[in-house]
There are 8 protein chains.
Amino acid sequence: GFAKLDHHRMLRSGFGEVVYCSGKSTEHLVKIFQSFNEKNINIMGTRASKEQYEAINALMPEAEYDEMSRIVKIMRNVPEQTGLIAVCTGGTSDIAVAEEAAQTAEFFGSRVMRVYDVGVAGIHRLLSKIEDINKANCIVAVAGMEGALPGVIAGMSHKPVIAVPTSIGYGANFNGLSSLLTMLNSCAEGIAVVNIDNGFGAGYMSTQINRLAVQ
Amino acid sequence: GFAKLDHHRMLRSGFGEVVYCSGKSTEHLVKIFQSFNEKNINIMGTRASKEQYEAINALMPEAEYDEMSRIVKIMRNVPEQTGLIAVCTGGTSDIAVAEEAAQTAEFFGSRVMRVYDVGVAGIHRLLSKIEDINKANCIVAVAGMEGALPGVIAGMSHKPVIAVPTSIGYGANFNGLSSLLTMLNSCAEGIAVVNIDNGFGAGYMSTQINRLAVQ
Amino acid sequence: GFAKLDHHRMLRSGFGEVVYCSGKSTEHLVKIFQSFNEKNINIMGTRASKEQYEAINALMPEAEYDEMSRIVKIMRNVPEQTGLIAVCTGGTSDIAVAEEAAQTAEFFGSRVMRVYDVGVAGIHRLLSKIEDINKANCIVAVAGMEGALPGVIAGMSHKPVIAVPTSIGYGANFNGLSSLLTMLNSCAEGIAVVNIDNGFGAGYMSTQINRLAVQ
Amino acid sequence: GFAKLDHHRMLRSGFGEVVYCSGKSTEHLVKIFQSFNEKNINIMGTRASKEQYEAINALMPEAEYDEMSRIVKIMRNVPEQTGLIAVCTGGTSDIAVAEEAAQTAEFFGSRVMRVYDVGVAGIHRLLSKIEDINKANCIVAVAGMEGALPGVIAGMSHKPVIAVPTSIGYGANFNGLSSLLTMLNSCAEGIAVVNIDNGFGAGYMSTQINRLAVQ
Amino acid sequence: GFAKLDHHRMLRSGFGEVVYCSGKSTEHLVKIFQSFNEKNINIMGTRASKEQYEAINALMPEAEYDEMSRIVKIMRNVPEQTGLIAVCTGGTSDIAVAEEAAQTAEFFGSRVMRVYDVGVAGIHRLLSKIEDINKANCIVAVAGMEGALPGVIAGMSHKPVIAVPTSIGYGANFNGLSSLLTMLNSCAEGIAVVNIDNGFGAGYMSTQINRLAVQ
Amino acid sequence: GFAKLDHHRMLRSGFGEVVYCSGKSTEHLVKIFQSFNEKNINIMGTRASKEQYEAINALMPEAEYDEMSRIVKIMRNVPEQTGLIAVCTGGTSDIAVAEEAAQTAEFFGSRVMRVYDVGVAGIHRLLSKIEDINKANCIVAVAGMEGALPGVIAGMSHKPVIAVPTSIGYGANFNGLSSLLTMLNSCAEGIAVVNIDNGFGAGYMSTQINRLAVQ
Amino acid sequence: GFAKLDHHRMLRSGFGEVVYCSGKSTEHLVKIFQSFNEKNINIMGTRASKEQYEAINALMPEAEYDEMSRIVKIMRNVPEQTGLIAVCTGGTSDIAVAEEAAQTAEFFGSRVMRVYDVGVAGIHRLLSKIEDINKANCIVAVAGMEGALPGVIAGMSHKPVIAVPTSIGYGANFNGLSSLLTMLNSCAEGIAVVNIDNGFGAGYMSTQINRLAVQ
Amino acid sequence: GFAKLDHHRMLRSGFGEVVYCSGKSTEHLVKIFQSFNEKNINIMGTRASKEQYEAINALMPEAEYDEMSRIVKIMRNVPEQTGLIAVCTGGTSDIAVAEEAAQTAEFFGSRVMRVYDVGVAGIHRLLSKIEDINKANCIVAVAGMEGALPGVIAGMSHKPVIAVPTSIGYGANFNGLSSLLTMLNSCAEGIAVVNIDNGFGAGYMSTQINRLAVQ
Ligand SMILES: Nc1ncnc2c1ncn2[C@@H]1O[C@H](COP(=O)(O)O)[C@@H](O)[C@H]1O
Ligand SMILES: Nc1ncnc2c1ncn2[C@@H]1O[C@H](COP(=O)(O)O)[C@@H](O)[C@H]1O
Ligand SMILES: Nc1ncnc2c1ncn2[C@@H]1O[C@H](COP(=O)(O)O)[C@@H](O)[C@H]1O
Ligand SMILES: Nc1ncnc2c1ncn2[C@@H]1O[C@H](COP(=O)(O)O)[C@@H](O)[C@H]1O
Ligand SMILES: [Mg+2]
Ligand SMILES: [Mg+2]
Ligand SMILES: [Mg+2]
Ligand SMILES: [Mg+2]
Ligand SMILES: [Mg+2]
Ligand SMILES: [Mg+2]
Ligand SMILES: [Mg+2]
Ligand SMILES: [Mg+2]
């Protein structure tokens, strides 16, 4: 049976299930999708390749794929979106990770405001948006290269900031290590960090926080 | 004037101000304390040495010092404590950092439940406490050595977990690097990480989350 | 002569020989397999590519290949399996490395119990299996990402635990470094660690321990 | 009560208890020793400073201290020593860690053979001892600097080898990192590694293996 | 003779000489100071301990010492100060390094504007000063912890920015590595980096640039 | 509108705009080029692939591509070249990065002298060129492998040196880390460093310095 | 002219020239080979791809290529081979690097004895060869994984040992870092280390030493 | 008896014995010195503290101590010095390590030429000495900070260069790591590297090479 699918990273809160597609065989992935689909449970796969999507789509034409975030999903019932989470990025290259965060948050019923390409190298763009950002219950700040964005936002906000370093960069960026360290060492208050490129983790945790606020 | 004191680790929300004492000259520190004290503002200093405390105490006898957390504070008005934050540690050596988190949260008006020495090497102790822990709005999980505690808690809770790696350990621990990496790579959902030994950061962010819940 | 084949990954205890296939030319590998096959000696190749297997199989149709573990072998006489080794994994992606361990142990005559996908992010699955696991003489615990599984098992068992970090993960996992450090820093007693992804090493050492018990 | 002392790192097998003294306050440590002493339970403290020992000794004159291994212990009943564990070192500077391993093994009832200063830079000394070493059920090999000893021993033995890197060395040794990596990458079979300077861990695990053999 | 003193790090441009005092014996240092003093050449020592200063001062009472920057100097003729260099810091703890930069620049005849404690965690302080900063020919930006200041300044200025990471911080700061990487990866234009805590290097290079502007 | 294009790598000083092409979709890139081209603004793209160039060229035949530097550009009006910047390399493999620097400097109106393949392993080649190099207002020194060139040049020049480490090398070069560290630790005066392979950054900053000199 | 060819990896001692082929364009490489060939000068290219060889061979059919060492060469006059250098490897996978060393030494007129696959995991193979090895003037010892071979040889020889770490290994080998550190930390006397996989460097330096002996 | 002293790092070539004093107890060290002294064997101790020397000197007044190199020795018969080794340093701070190398070489009968403070930041000093340096059979080049000296010397010499990185430096020097990497990546020919600060190793190996030349 599918008891095996009731595994450690699933959310049993009526919103649906999430699968991490990277490294899973297509055959195995299709079976997981079918099992939830048959039970009318929403299902979302992160880090899905186009090939994985196509195999799913061949059998379940209701499956949708977003190339930017690499999310494949089947929404059997769209949840109402409540509260507010702001998802911000430093550059346009960080949008893929930001979308993983934003769409994860939406999948679990959060309302999301996207504020992209407001990196600190042109701080006026961020300043013009900060009032809006502060309306959110929780802020997800995504940045690569030097990764300074989350710290600057945290310095201008009383809302909790989830910082997501990305692997965007080259040379002494060391695949995101530089951004990660920047965020961990931020001298602003109210900031915590997830793994490099872990949009899912940020989307999930910001949803937990958003729910506390909307209860 | 003291406009200069309006610096980046201060909270302008009626609870008082926080100063990072490490590396500050005693003379400078005493002046900062006096300035707030005169204005009847609560003030808390983190990473304070006993010498720093004694200099403060000589002029302001109402100053209290906790050797464990290395916090010195003057409470002109004790805030009501609302909501609930669980602060957990893996071992007894992590308590110093945990107390920095707990007392920071209390300084800003959060109610705190302490659950210490429940590390994963003897998981039954944690299992017997998990129901209580889950009553909190936010969980701070502090651990050194292998740093597995926050991930295990996150796997048993739907509440957001702030993970704090400590520098407790030796050899391949590399001053907390090992715990930090463990926490960043956790495969449980709902966990974000602050800097090694950054109890203050965890106490502050958990307070922000707790406030969203008690509003 | 084949004195040259008497190299360092071979066991001279009547069970057969093991070859590390990665990086060996197909031609060279086929010759090694033929030489043992002609002498009726069991032979097992680890980290074999499908191409390497096919070249071996073309000449020695009795060769078997397991895509998951990437082991190719020719069993001229199947050894009796004695004692008991438990091979556990945190996730499903760790199974490839676990199978290298399990099949190595079986090749050398150990009985193996497989306990897969019992990672600490959903600790109840592990708890329900721990009694069985403790029946083994030695436990091999395989985990990627944060690598907490071996430490948690060691905390619930008096049997020696061989920990195997895997390179499964991304970002701050740094190709298994994170899991490796977690395991080295475990505060549970009775745990020692082999190289990242070194299923063979764990299978071999657990067999040495299992033999001491069954003597 | 002392229920708190029944914590995660204690061995409930009739041999006694072990405490990690480093970082514990003298006052706290003395209380732990008294609690076990009153109950006639053997107790051993590792990484104890001379000051810690003296405080214990002042109240419990039966406490013994070994400056080399930094172990303080009170033996209420000396266990019979069974089986055999060989503890080897590369140099004389590694003996402190080796003694932590040896005395831990003895505390838990293992018989120990010491083979010190047989490092690979003068391989004849090791060769002349290897026959004796192979009589043990388990070998603990302790080495600093380049850390090659465990791999060389594993290549000459069918017994499991627990490798202990030490922090002895300078420059590119990076406090034991070099020895640790050497041991993890050993191409000999039958070797697993504990943390840098973790003599306790090696002594404990070798005891677990030795017990399987003597049952 | 003192031909030996005409070494590789001296400036032969009429302003005087600089000595790196750290690690030099007091006796050797006093001789170097005497040799220049006798020739009426300005001399400045960086990283000087109070003890070194006192030994120099005992023989050359005209020597001055600044505890903050740890600079000892004898000014036989004070150079006119031309052009303008802005020296900025993120926090107050970075001032020691900033002063090494500022006083080096002044020693070589540059006019210096100090803009301290304008870190990005409270960006309004920086915004209120940026117009002034932009009047300089070259900007030295000094920051520890996450090190974001130079990048933010570079984003608001067309003047070259010399970034100086400091070792101020803890945990994942790794003694300045975090700030260094942040600065190297800055996505703003017009920024180059010197070694951690190298105020001297920044003061010197900014002087070279300032001179090009004032010629 | 194109407000969005007003991003962080663009210079608003009448010379034109620069785009970082790596990771941008061809479609997005073509739109950016068209937008500036229509407005008669010079535009330069760095790290452009041949495919990206071809797509741009298909619509804007005036686009030029240099395979060595991977720069694509459309020059609507060629700026006068003033001042002088020397761009030097250690080896021939560093020329790709050097050309990114040189062409960036030229794009913004600097005159550039190229001095290639003068690495320190054959120091006579450098010695014969140093007089010429010193005529420049600013020196860009590009080197891989051990990265010693910028320090040696800085020792023979009073002009500011922008050091560019390249990722050329193997083994313990660690993708440019070795060169980067060499340059940061240079004991010569008047040297600051940009990111590994960041020719653009060096070209830009040297232009800022050159402009100060030619004003 | 070809003055430009007089670059840093060439030897001007009558034996011929060496070119590092990796990263050079085929066109450029062919020109270099032609220029020496026309002058009757021996030429050797290291790290040459098969494609590079084929392009050279098409125009200069006397060019020879060895796939193992990736050396392409044209020998216009074969030098007499004098003295003796022993080139040893730990495993068979290290032979590619060893051959680069051996053939470099031969190119420059050294006589070479090859002693391959004598790694320390089966020390008897090395012991049986050590007398022969000690007849050489200089020993090149090549090893990957744990890299213990050079230290063990140095302990049994009074001849200088050039240690060459290789990138053979996986996991905690970190592309040769482990072997490199082992060799640098060797506690045997008479050992110095070249870069990871730098067979050329070892072949060259051993030739310099061998020449001193045969003079 | 003192058979134990006949250990792995002793030279049995008539010149005497060397002991590594760091970490040895004074008592143990004095015994070692006495044992050789009684037998009229020269003995040299490296890394000796002043306290260790004084204890030795109290019993053996013929013992000499050099504070710079931290070498203590008793010369019962001074060997004739043959051949020639050049020992060079980049700065004056590197002299301590250089003297360990030079005095080791002299202890074993080599003639040594010292060429100190000729670092690449003032290359003319080196150029004026290079002809002399090239008269040596072997060159030891010692450097800290960026560590460029050995590579520059190797580029101007056909003699083998033993490179010694020192831990002199700060910040991104990482205790000598920067110099070590520079030397390993040198693009000059004829250079091999020993551990950070390992003057002894360089002195020993250069002696081995020098002996080959003077035979
Ligand atoms: N992109 C992601 N990064 C990290 N974790 C993820 C990601 N996507 C999904 N997950 C987690 O992985 C779980 C599914 O893992 P699996 O059982 O391997 O499919 C989900 O429930 C999430 O907790
Ligand atoms: N030297 C040591 N290194 C690592 N772990 C140790 C050491 N000594 C004792 N331990 C472990 O630490 C436990 C006691 O830890 P604690 O509760 O902090 O006293 C013991 O039961 C052992 O598991
Ligand atoms: N704080 C510093 N950091 C780095 N380099 C310095 C510093 N102070 C002085 N220097 C350089 O060191 C040279 C003097 O070095 P020394 O010959 O050792 O006294 C000066 O001319 C400067 O180039
Ligand atoms: N400064 C040093 N650095 C590295 N190795 C050394 C040093 N001094 C002596 N040695 C080596 O250490 C051996 C003595 O080591 P030990 O047996 O511990 O006294 C000598 O024979 C040398 O091989
Ligand atoms: Mg904030
Ligand atoms: Mg959870
Ligand atoms: Mg256990
Ligand atoms: Mg073995
Ligand atoms: Mg700018
Ligand atoms: Mg200069
Ligand atoms: Mg030797
Ligand atoms: Mg040379």
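Fair warning: this is a prediction, and the values are worked out from it, not measured in the lab. Only this structure's heavy atoms are used, side chains among them; waters, hydrogens and symmetry mates stay out. Quick note on labels: first sequence line is chain A, next is B, and so on, each numbered from 1.
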Notebook entry, point to check: chain H heavy atoms under 4.5 Å from F/Leu180: which part of the residue, side chain, backbone, both or neither?
Noted result: neither
Next item on the list: Assess whether side chain to side chain contact (heavy atoms under 4.5 Å, CB included) is satisfied between F/Ile123 and H/Ile123, documenting all intermediate values.
Entry: CA-CA 10 Å; F/Ile123 201 100; H/Ile123 201 96; 3.9 Å; yes
Item checked: F/Leu127 vs H/Leu127 side-chain heavy atoms within contact, under 4.5 Å -> yes
Check: Minimum heavy-atom separation for F/Asn185 to H/Met145, with atom names?
Finding: O-CB, 3.5 Å
Next item on the list: Among H/Leu184, H/Val152, H/Asn173, single out the residue with the greatest number of heavy-atom pairs under 4.5 Å to chain F.
Entry: H/Asn173
Next item on the list: Please report the closest heavy-atom contact between H/Ala172 and F/Leu181, naming both atoms and the distance.
Entry: O-CD2, 3.6 Å
Item checked: Largest heavy-atom contact set with chain H, pairs under 4.5 Å, which of F/Gly144, F/Ser178, F/Ala148, F/Gly147 -> F/Ser178
Item checked: Atom of F/Gly151, atom of H/Glu146 and distance for their closest heavy-atom approach -> CA-OE2, 4.2 Å
